[in-house]
Amino acid sequence: MRFYITTAIDYPNSRPHIGTAFEKIGADVQARFRRMEGLDVHFLMGNDENTIKVSQRAEELGVEPKPYVDDMARQFQEVWKALEVSNDDFIQTSEQRHYIGCQKFIQAVYDAGDIEKKAYQSLYCDGCEEFKTAKELVDGRCPNHPNRALREVEEENYFFRLSSFADRLLAHYDANPDFIQPESRRNEIVSLVKSGLQDVSISRKGFTWGIPVPFDPDQTIYVWFDALLNYVTAIGYGTDQERFESIWPADIHVIGKDITRFHCALWPAMLMSAGLPLPKRVFGHGFVYRKDESTGEIAKMSKSLGNAVEPMDLIRSFSAEAFRYYFMSQCPFGGDGEFSFERFADAYNSGLANNLGNLYSRTLSMAVRYFDGDLAGASAIDATAWRAGLDLSALVDELRSLMNTFQYNVAIQRIWAEVLDAANRYIQVTEPFKLVKTDVEATRAVLVNLAEAIRVISILIKPFLPSTAETFYSAFSFAEGAAWETVSYSDILKRPDIADLKVTAPLISGKPAPLFPKIETKAG
RNA sequence: GGCGGCGUAGCUCAGCUGGUUAGAGCGGCGGUCUCAUAAUCCGCAGGUCUCCGGUUCGAGUCCGGACGCCGCUACCA
């Protein structure tokens with residue numbers, strides 16, 4: 001079964017910051033989870049390049065727009081790759097497939113009678129040489145040129161008759177309660193649509209960078225109408241109809257809460273007009289704010305405030321896994337979260353170094369030290385003692401439900417509280433380090449149990465920490481039972497029958513290297 | 001202004017349709033073990049649940065009001 005998941009496409013006029021990374025990781029966790037559930041996942045990301053600002057930025061740098069956006073796309077993908085984001089495709093809206101698909105789509109909407117030509121009035125600043133939106137103005141004036149009067153300019157543009165879709169949209173929200181998530185976003189959209197929709201202008205005159213309107217080549221398709229279409233053009237709309245039909249509709253659009261209305265009102269209306277099915281769900285995630293360690297102030301990240309954090313800085317200083325762990329465990333995906341280096345270090349040290357990493361270290365050290373890494377005869381040993389009192393089956397069900405609803409932070413909390421703690425407690429209670437002096441076979445059983453705990457944990461954390469998960473799985477010879485790529489939640493309760501279980505982790509003088517070296521928090 | 005949300009232990013937050021001594025994680029404090037990355041494990045933390053008033057046998061949990069904070073209020077990816 002297909003599962004088509006997308007993220008918002010990004011403006012490539014600056015490098016990605018950790019807020020945009022938050023969205024991609026959240027979508028990636030979902031994509032990885034769905035793959036584990038056996039779905040045929042198609043995961044799309046991309047960049048939004050057909051905007052006036054992008055061409056202006058290229059001009060500032062003295063380069064042509066296309067090489068500029070291509071280079072930015074390369075840079076974005078480098079970051080996503082470093083964060084282990086597993087997208088299957090990356091669309092640039094300056095590509096041919098998007099050009100062709102957009103023209104076909106706007107023509108279809110035009111033919112359906114939902115596009116008309118009207119006068120569009122807007123304020124133009126001669127200083128900036130660009131149009132200003134009401135929101136950009138300060139006291140009715142351009143913030144950059146407060147002494148110059150804004151000119152009211154009028155031009156003929158094409159408008160999409162969004163206003164005529166209000167009833168159909170409301171009916172859709174009503175029939176599909178899950179269409180907009182989380183719930184709070186849904187309520188906002190419903191009230192917005194109920195308050196009445198206005199037609200939106202979807203073209204601009206006099207620009208060469210962008211996609212021409214097929215029935216009037218003097219005009220180019222304007223931002224939203226163009227950008228939203230990436231979800232269909234990327235999978236073949238207008239260029240490969242068969243492929244398109246095999247993937248569309250999207251199962252989920254993962255987007256920022258600021259752009260829910262475009263995805264929940266404008267986009268479905270566009271699809272209705274073009275006669276295409278609607279996406280099944282739209283998830284509007286929260287934002288990550290920057291908390292200043294010294295002042296405690298919480299602010300939105302931005303370059304002008306000088307508080308933006310680049311993903312690559314954190315990846316280089318720590319690891320992609322640490323990055324993913326922080327955001328997925330500390331920030332509820334549907335709500336807002338905050339970032340500070342102090343909190344990052346706390347979460348890393350307690351969750352990754354002291355808990356997850358340390359469990360790995362102590363288990364492998366004992367297996368190597370006491371048994372030379374060889375736990376032969378493991379399959380004859382009961383390996384459920386480590387989780388006595390834990391209903392693992394029920395936990396897996398609960399986790400599935402949490403993953404389906406993007407409650408990643410709760411899922412991680414549950415895995416740590418139930419499974420990691422159980423394993424650490426098991427060591428504490430059985431004391432293999434003492435037991436080995438009196439009963440070697442009983443100690444072997446304890447270590448077989450711990451190996452099994454390592455295996456279970458590897459599967460549970462697979463969507464979140466793909467690389468650490470694989471390290472856990474390959475710490476012992478589990479791959480003889482099932483290849484890592486195929487392992488999923490359904491394998492959690494199916495212990496593979498491996499008689500000659502042994503340590504296969506890389507060791508340095510008989511010990512594993514720390515997976516997550518502790519971060520020193522206080523200097524001196 | 002309109003609509004919606006929030007204000008619970010030092011920090012981050014749980015607390016469903018009202019009901020025994022208000023919970024968790026982190027930090028902190030005390031203890032324990034020594035396999036491990038001075039990690040683990042055990043125990044402690046007594047917070048007017050923003051304030052005022054009301055409904056009720058009984059309210060963080062419902063109603064009204066006050067104060068504070070936040071989101072949405074359309075063409076900004």
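Chain A is the first sequence line, chain B the second, and so forth, proteins listed ahead of strands; every chain is numbered from 1.
Regarding A:Gln330, its CD atom lies at a distance of 16 Å from the P atom of B:rC11, rounded to whole Å. Here the C1' atom of nucleotide B:rU40 and the NZ atom of A:Lys518 are 11 Å apart, to the nearest Å. Distance CZ (A:Arg362) to C1' (B:rU37): 11 Å, rounded to an integer number of Å. Spacing between atom CD1 of A:Ile519 and atom C1' of B:rU37 amounts to 12 Å, rounded to whole angstrom units. In this structure, A:Trp416 places its CH2 atom 18 Å from P of B:rA39, rounding to the nearest Å. Counting to the nearest Å, the P atom of B:rC13 and the CG atom of A:Asp336 are 10 Å from each other. Rounded to a whole Å, the CD atom of A:Glu188 is 14 Å from the C1' atom of B:rG2. Between the NZ atom of A:Lys437 and the P atom of B:rU34 there is a distance of 7 Å, given to the nearest Å.
No salt bridge links A:Glu156 with A:Lys205; every basic N to acidic carboxylate O contact stays at or beyond 4.0 Å. Between A:Lys118 and A:Glu116 there is a salt bridge, with a side-chain nitrogen of the basic residue lying less than 4.0 Å from a carboxylate oxygen of the acidic one. Salt-bridge formation is not detected for the pair A:Arg343/A:Asp346: no Lys NZ or Arg NE/NH1/NH2 atom is positioned less than 4.0 Å from an Asp or Glu carboxylate oxygen. Salt-bridge annotation for A:Asp178 and A:Arg186: absent, with no side-chain N of the basic residue lying under 4.0 Å from a carboxylate O of the acidic one. Salt-bridge formation is detected for the pair A:Asp10/A:Lys24: a Lys NZ or Arg NE/NH1/NH2 atom is positioned less than 4.0 Å from an Asp or Glu carboxylate oxygen.
Using a 4.0 Å heavy-atom distance criterion, A:Val223 is classed as a sugar-phosphate-only contact. Counting non-hydrogen atoms under 4.0 angstrom, A:Leu228 reaches a base of the nucleic acid. Among the protein residues, A:Leu197 comes within range of the nucleic acid bases, having at least one heavy atom under 4.0 Å from a base atom. Within 4.0 Å of A:Leu515, counting heavy atoms only, lies at least one base atom of the nucleic acid. Counting any heavy atom pair closer than 4.0 Å across all strands shown, A:Tyr370 reaches sugar-phosphate atoms only and no base atom.
Where RNA chain B pairs in unbroken runs of 3 or more (Watson-Crick or G-U, both distances under 3.5 Å), the stems are B:1-7 with B:67-73, B:10-13 with B:23-26, B:28-31 with B:41-44, B:50-54 with B:62-66.
Comparing B:rC51 with B:rC69, their C1' atoms sit 15 Å apart, to the nearest whole Å. Comparing B:rC13 with B:rU17, their C1' atoms are spaced 23 Å from each other, to the whole Å. With C1' as the reference atom, B:rC63 and B:rU20 are 26 Å apart, rounded to whole Å. Here the separation of B:rC76 from B:rU37, taken at their C1' atoms, is 47 Å to the nearest Å. The gap from the C1' atom of B:rG46 to that of B:rG4 amounts to 36 Å, rounded to the nearest Å. Distance noted for atom C1' between B:rA36 and B:rU32: 16 Å (whole Å). A gap of 25 Å separates the P atoms of B:rU12 and B:rC67, to the nearest Å. Taking the P atoms as reference points, B:rG27 lies 24 Å from B:rC35, given to the whole Å.
Shown here, B:rG71 is classed anti by the O4'-C1'-N9-C4 or O4'-C1'-N1-C2 angle, which is more than 90° from 0.
A donor atom on one side chain and an acceptor atom on the other are not found under 3.5 Å apart for A:Tyr426 and A:Arg387.
A cation-pi arrangement is not found for A:Arg324 relative to A:Phe22, the charged atom failing to lie both closer than 6.0 Å to the ring centre and inside a 45° cone about the ring normal.
Between the base of B:rA39 and the side chain of A:Asn354 there is no donor-acceptor pair shorter than 3.5 Å.
The side chain of A:Lys257 lies closest to B:rG71 when the candidates are B:rG71, B:rC75, B:rA36. When distances are taken from the side chain of A:Phe433 to each of B:rU34, B:rA36, B:rG27, the shortest belongs to B:rU34. Closest to the side chain of A:Gln428, out of B:rA39, B:rC76, B:rU40, is B:rU40. The A:Glu338 side chain lies nearest to B:rU12 when the options are B:rU12, B:rC75, B:rC35. Closest to the side chain of A:Arg425, from the set B:rC75, B:rC41, B:rA39, is B:rC41. Nearest nucleotide to the side chain of A:Asn424, out of B:rC33, B:rC76, B:rC41: B:rC41. Nearest nucleotide to the A:Ser350 side chain, out of B:rC35, B:rC26, B:rU37: B:rC26. Closest contact between the side chain of A:Trp224 and the listed nucleotides B:rU37, B:rC75, B:rG71 involves B:rC75. The listed nucleotides are B:rC35, B:rC42, B:rC75; the one nearest the side chain of A:Ser365 is B:rC35. Checking B:rU12, B:rC26, B:rC75 against the side-chain heavy atoms of A:Arg343 singles out B:rU12 as nearest.
The aromatic rings of A:Tyr408 and A:Phe333 lie tilted to each other, with the angle between the two planes from 30° to 60°. Relative orientation of the A:Phe179 and A:His172 rings is perpendicular, given thresholds of 30° and 60° on the angle between their planes.
A residue-by-residue look at A:Ala347 and A:Ala8 shows that A:Ala347 has its nearest nucleotide of RNA chain B further toward the 5' end. Across the interface with RNA chain B, nearest-nucleotide mapping of A:Pro432 and A:Asp48 shows A:Pro432 to be the residue nearer the 5′ end.
The phosphate of B:rC76 (OP1 or OP2) has a side-chain N or O of A:Tyr222 nearer than 4.0 angstrom. Residue A:Lys511 places at least one side-chain N or O under 4.0 Å from the OP1 or OP2 atom of B:rU37.
Applying the ring-ring contact (aromatic ring centres under 6.0 Å, His included) rule to A:Phe159 yields no partners; only residues at least two apart in sequence or on another chain are considered.
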